[in-house]
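For reference, the structure discussed in these notes is given below.
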Amino acid sequence: MNVLVLMILLPLLAAAVVVYAPARRAKWVALTGTLAAGLACLLAFFAFDWADAATIQFQASRPWLPTLGLELSVGVDSVALLLIALTVLLGPICVLASFTGITGKVKTYYAWLLVLQAAMTGVFAARDLIVFYTCFEFTLVPMYVLIALYGSSNRAKAATKFFLFTFTGSVIALAGLIYVAWFNATLVGYDPALLHGTWTFDIATLERAAREMSASQQAWVLAALLAGFAVKVPLFPVHTWLPLAHTEAPTAGSVILAGVLLKLGTYGLYRFVLPFVPDAVVEYAWLIAGVSIVGILYAGLVCWVQTDIKKLIAYSSVAHLGFCVLGLVALNSAGLTGAVLYMLNHGLSTGALFLMVGMMYERYHTRSMDEVGGLASKMPIWSSFMLFFVLASVGLPGLNGFVSEFLCLLGAFQAGDWGGAVGGTGLFTLGPWYAAVAGLGMIIAAMYLLYMTGRIVFGEYREPAGHHEHDVLPTDLNWREIGLLLPLAALCLGLGVYPTPVLRALEPCVDQTIAIVTGAADSGVEIVRGGETEPRLVEGGRP
Amino acid sequence: MTALLAQSALPAAMGSGVLAHYLFVSVVMFAIGVIGFLTRRNLIIMFLCTELMFQAAGIALVAFSRYHLNMDGQTFVIFVLTVAAAEAAMALALVVLLFRRSESLDAEGWSEMRG
Amino acid sequence: MSGIERVIQTIGETVVVGAQHGGGHLATVEPGPTWMALAPFLPLVGVVICLICALVPRLRTSKLPAWGTVASLAVAFGLILATWLSLDGRTLNVHAWEWINLSWGDGPGRALIANFAFHIDSLTVLWMLFVTGLGALIALYAVEYMEHDVGLGYCRFFAGFSLFVFSMSCLVMADNLLLMYLGWEGVGFCSYLLIGYFYKKPSAVAAAKKAFIVNRIGDLGLALGIMLIFVQFGTLEYGELFANERLLHYKDLALAGDFAQIPFNVQLIALLLMVGAFGKSAQFPLYVWLPDAMEGPTPVSALIHAATMVTAGVFLIARMFPIFLVSEHALPTVAWIGTITALLAATIGMAQFDIKRIMAYSTVSQLGYMFAGLGVLTSVGAAFHVFTHAFFKATLFLCCGAVMHGFAGQLDLRKVSGLRSQKGWMIVTLAMLIACLNLSGFPLTGGFFSKDMILAEAFVTPGFRVIGWILLLTAGLTAYYTFRVFFRVFVGPVDYEPGDEHHGEPGSFHPHPPGWAVNLVLAILGVGSLLVAGVYFVGGEHGWVGSMIHDSSAHYQADGTHAGTLFGQDPHTIMYYVSAAIGLAGIAIAWWLHYAGRTEAATCRADRLAFTGSRVARWARDKWYVDEFYDFLFRRPLWLLGQVFYFIDRWFVDGLVNVFGILPRLTGWAVRPSQSGLLHGYALGTIGGTAVLLLIVWLVT
Amino acid sequence: MEVIHPVILYVAVALGAIGVGLSLPRRGVNPQAIGAVIAASAGGLVILLLSLHTSRSGEGLPNPFFYVFSVIALGASLRMITHPRPVYAALFFIMTIISSAGLYLILAAEFMAFALIIVYAGAILITYLFVIMMATQSPTLEQNESLQDYDTTSREPIAATLAGFVLLAVLTSMLFTGLTSLPAPSGQSIEPGLLVELPGKVERAMRRAGALPPGASVATDDAGRMLLDPAAGTVTISTAAGGREVVELPAGLGVGNVERVGMSLLGDYPGLIEIAGIILLMAMLGAIVLARRKVMADDEDRAAMAAKIARRGTGGGL
């Protein structure tokens, strides 16, 4: 069986078993399921031909609705595989993190958690637009349940807002995607060897067809796709669901939300927006970058005045993913590589931060920095990990965040030249100014994250009124908790000091995407372009 | 061919004007059913009116079947009958239930779905 | 599978980075032996030992972390010595592993290469010698100094300490700007960790945070500068960068004074890098974090905030000297900022009472000297001053630490007096005296020669004479405040009261003199400070440091050969007499005001001066209100902006979203009455609707 | 050529609307009879014009019984919706059903006609009658008038009539305009070879008609199909001697309505039959579940019942 299908089916199978197994076994079944998926992922890592990373591998497809050209088709390139690996890695961690936190309705909880993992894997593995979209939307349902049933006090509102907000956005995105499919279906005489002129939702085919759209068509499709993906990322004005959802979600929910669900947005931008509407992206790159930068600074400052730790980290996600989107629209090798790497790194470090907060919350039942603090003296292990992940999030060189952040900024810096001074066309061209202003985000990130660290990790020990020791958990972390933090910490460190394998793996994909964009973009932004990328484009897609 | 047709019980073709007669009857019967459904307040009569509409449809179906010399129309009437029977069973069960609740068959007595 | 093979292949591969674009005086870069790359990683062994000790309860209460750190640093120092001996003026490159390696096609500027690789030339070795040497010594000092914290705190301290040395080594030895940036931020983080060592003290936490954030402001400048270098020259590796033909061409233009032909963007690089240097080296206006950083344990202050980390800015400018040379305004700016900082910090230092803070301001001031030295094109003078300063300032801090340790945290010079006359404090006093003489530029000390070199160059470099005068004045102020401390604390009548770490009756307090480790370290450093003057007389034209600089990128060929004269004489000779006189005058004033006729710790003749009560003196004591000014100008507005943004976020951005949520609800509320709940209503609607629809269909077709 | 001039049609429809509207039950003045007459005359007018048109176009008039049955059907249905007593309404509906069955017969759908009578009039309507009787309060001494208020007044008669007749107007208009573009009936649509599917019937008919010699049987090919030539009206038989000969089919041998319906039902729509069966089963279950009267028993009742059962149990043992 195809290893991707296996990775999707294993959690689903486990979910089914969870439903029928006794409640006290539910968590073990879930753990087994996620670990099995992890094993499959490991298998995929070994079987993947990294030398040919831009080619879609592990392809499998099965007709679904032939009259509309729908196919249940999967396949991954290295970008998708790495994101799947992130998903699959966070799976068992989330299950482990819920062992003591979730006490009621455990079967429902673990079943939905597993379904969520399958859906997320499906999003990254999809090679058919509708399969992608189905999985993309289906992630909402488990997340909704997780927030609405297992969240804290304001959970109903948070879940509803999360669902409706992201759903509204993605429905508009669906319109855009279907428009592209319709465009392809009505495109005749372009390249008879391919499936143009018929209804198909095959991503590789549509990629090629979409580029034939006129400038105004591209602009509209860009707007539609952005409506969906920007909400998911989330970019600046459409981010308000995130703090609410994060604050109310259970720990595992927050981890998945920050770790993977937000990446669906950036992945969508990478997978669809860039190749589908390259001209429009080039034209409006300044706008998207501008919005990202506003998000970086705005969310950063908002972070600084938070007292709720989870809210702080949630807003920090808005700021961080601003960097990621900035790198994406820089449309050069450094920026794109940085952006994809940022997806992975943000998943690791922010996911870990939410885990940390969850562990603290389980012991102190508060998320407010006003009520709890100075934990370094009480929980040295927890504090060490917290500091570590905060630094990863701040972007300390040597840890993972730095590599991606620097590459994103360098990408934006390289994208043009000093506005107006040499070449370029003023402020509406991405360039050093954008990087310089976005760079202020680095300072602000240090401000708010160290402010938080200074309050909860350092300082005099404070505990909420009426606090008493947890009856199951020790004062500091237990082995289970340490065990689930260690892999994340190791990866943060590993990707910080030796990101080369990942960079190598991403290089062909990024080159291919850039070739697509520059192949379509004839003027405007100066884009650095690879020499050997042209032939790969022809081979890529459908081997 | 003609020999065999003559031997069979299949009637001769029917003109479209004749068909119009039947269809007109069907349409009028349907309209009467509609009006009945709208004006009567007795739940049972209302259901009877729906049966009347079924019946009107049945006449049209059979008439077309005759016109096209095709059995599909009649076959369809069978299904109409089936649905009508099922609907009658369910509807009457509901009516009985409602009647037990309010001792009345007045459709206006039930407005729980008021917005 | 091939991916993994490739990974294995790349590990341990030694890549020869040859400078293809020869030319200039720079030696070609040769591959170096692998053992040289061990030096920066040895401190990590210390980190691992500390980590293991922290995890194993039985080891946690031992002094193993400290000794592990001392040993690893000592070995590292040994390695650096060996490197120095085998270097022989060459420039070596040792590759450890690939770090960030991204390429998009062939040709220059098409690849971003930043490896874990080390660029070893004499400048590197110069810095590494005192980084590892002082590191080992101060670690030894800390073995005793930190012993009351044995346990997790001990492990944490030495882990941070070792990590710092690792980061500093990366900073100094990096062969590319990005790895240097790693070290740059790494030392900032270690500084954060160690300043915040007493994490229960809110002031320590705040100081740590401040240090990190102010440093980050500089780091942004540095990062942008690095990006601009990459965009302009297509490489981040020193070897390639300094051999870049464009850069060499610009350098020729700059030496000919033809700056108009050098693109603005190239000139901008130096200005951006400068911001980074100002942040790390605590120059105006980013110096504010350094005095606060004294919240950390004294060994930390000595190593990080006096001897090594704060000289990173000087190192950066020295290393990037070719880049700075091609910028018309960068070096003058550096000179002026350095001068302003030197004077400002000296004035504040004069008015302080906390001896550690005096030393901190003194550090800021001396760093200003170094920057001024760089600015007046004497990279040798700056590096020489860095070198001597590292010794005597570390000594000063360690002496202060010994006092603090002995008097339960007492740091107020008004509350301790006459250490010399107490039992067990002789070595401390002697070491302090030597260091103070160095700092105040007493003739024939190391500080005397290094400061003179900078002053003389300032006077003879065209357009910088004003700087020379200001620095001369500052030298006098330095001598005054240095000996103010010495005369108040170390000599004079015996009088003391304990600091706030003493719990109990003040009468029950007995100071405890330092133990063998502290005394040993102070003795070594004292002797070192005394002998450091000797390096001026060995080696080439400008002493040993000059010869070290000569073989590196910091070399400036016009160095020290300014044709100018001072009062018709060789500027250096003149300056010997002038600065000696100024220094001695400062010491004399300090003696008169703070020693002569003093009978108790708290009061002295200086108190009777009208000037000390004046408003200006109070302003100086309150650090010219720079912190408050920043607080008012940046922190508060930003905080307020954050609050405003949060308000906007909740009520406008989210409000808009909620309006979209409410719209359907309003519509529903408006049309709700149409849903009567009656069967007939719905039926009528259905049938009427069908009729109307059919009507439309019929009318249309 | 128009079937009926639109103005006339609309006048007739309007008249019908007025008539039906008048005949609806309401309190006080109740001109039901007048309304019925108006409605009937309007309907009659349309049918008359239609018949005139048909006869003029040379198609010939429909079977005379058509008029009889349609008048009864429409009249009974109108009375059904206007009669205040539910039982009578149901009976009038039965009348409609029966006359509809008559129309079916005219349309050569004998099986459907009888099925209609059996299923509808025989089963469904009887159920209705049961329910009506069950759900109608019996008259008491004080209130001998057993008519319910909701039976005697109609709801929004004008709006309802309007909606119904707008629908009617549109439908008839569409009907009469669409009639001209109706595809001509295709006699070919019924498979002439349907007889091939019925070897048993052919053999039986031939045996009865004596067309099959003793010992002979209808011959089949290798696939087991009858060798029947519908165009020539011949069939191949295999004689007792083992030879084969082609013989004429007996006169009058054909496929009847029931057979045709059956073939269509089971041959073309076997899946639908199954589904219909399931629907019926579900409806039955649903009806049982819905109409079942739940016994409300609290714990005390349950205990009492259990004790009773237990007593009975021990009693049996003795």
Side-chain angles (χ1 to χ4, degrees), chain C residues 1-7 55 57 102 104 643-701, chain D residues 2-14 16-18 20-21 24-27 46 77-78 80-82 84 86 89 131 135 148-183 290:
Chain C
M1 291 310 281
S2 63
I4 286 156
E5 276 163 23
R6 240 187 5 222
V7 171
L55 291 176
L102 199 66
W104 49 92
Q643 293 285 8
V644 169
F645 279 171
Y646 188 40
F647 181 81
I648 290 175
D649 206 54
R650 269 176 305 169
W651 298 109
F652 291 97
V653 180
D654 202 31
L656 199 66
V657 175
N658 286 339
V659 165
F660 277 105
I662 284 169
L663 273 181
R665 184 170 290 192
L666 272 180
T667 320
W669 177 80
V671 301
R672 202 169 74 165
S674 68
Q675 301 298 301
S676 62
L678 288 172
L679 196 54
H680 288 104
Y682 299 115
L684 193 62
T686 312
I687 288 155
T690 313
V692 169
L693 271 183
L694 280 176
L695 193 64
I696 290 167
V697 169
W698 183 61
L699 287 178
V700 169
T701 52
Chain D
E2 284 164 327
V3 179
I4 296 174
H5 196 277
V7 177
I8 301 173
L9 181 64
Y10 297 146
V11 168
V13 168
I18 293 167
V20 171
L24 286 173
R26 61 170 63 76
R27 289 243 178 257
V46 175
S77 52
L78 185 63
M80 176 196 119
I81 67 163
T82 53
V131 174
Q148 296 292 331
D149 178 51
Y150 53 79
D151 279 329
T152 51
T153 47
S154 38
R155 192 186 174 281
E156 294 178 11
I158 295 168
T161 318
L162 210 62
F165 274 85
V166 166
L167 193 66
L168 180 65
V170 180
L171 283 175
T172 44
S173 306
M174 285 176 139
L175 173 64
F176 291 143
T177 39
L179 213 54
T180 47
S181 56
L182 198 67
L290 283 176

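Quick note on labels: first sequence line is chain A, next is B, and so on, each numbered from 1.
For Ala159(D), the parts lying under 4.5 angstrom from a heavy atom of chain C are both the backbone and the side chain. Only the side chain of Thr177(D) comes within less than 4.5 Å of a heavy atom of chain C; its backbone N, CA, C and O stay farther away. If you measure heavy-atom distances from Leu693(C) to chain D, you find no contacts under 4.5 Å at all.
Taking each heavy atom of Ala12(D) and Val46(D) in turn, the nearest pair found is CB-CG2, 3.5 Å.
A search for side-chain contact (heavy atoms from CB on, under 4.5 Å) contacts involving Leu694(C) returns Thr690(C), Leu167(D), Val170(D), Leu171(D), Met174(D), not counting sequence neighbours. Every side-chain contact (heavy atoms from CB on, under 4.5 Å) that Leu290(D) has, sequence neighbours left out, goes to Met90(B), Ala93(B), Leu94(B), Leu97(B).
Put simply, the side chain of Phe647(C) does not reach to within 4.5 Å of the side chain of Val644(C), judged on heavy atoms.
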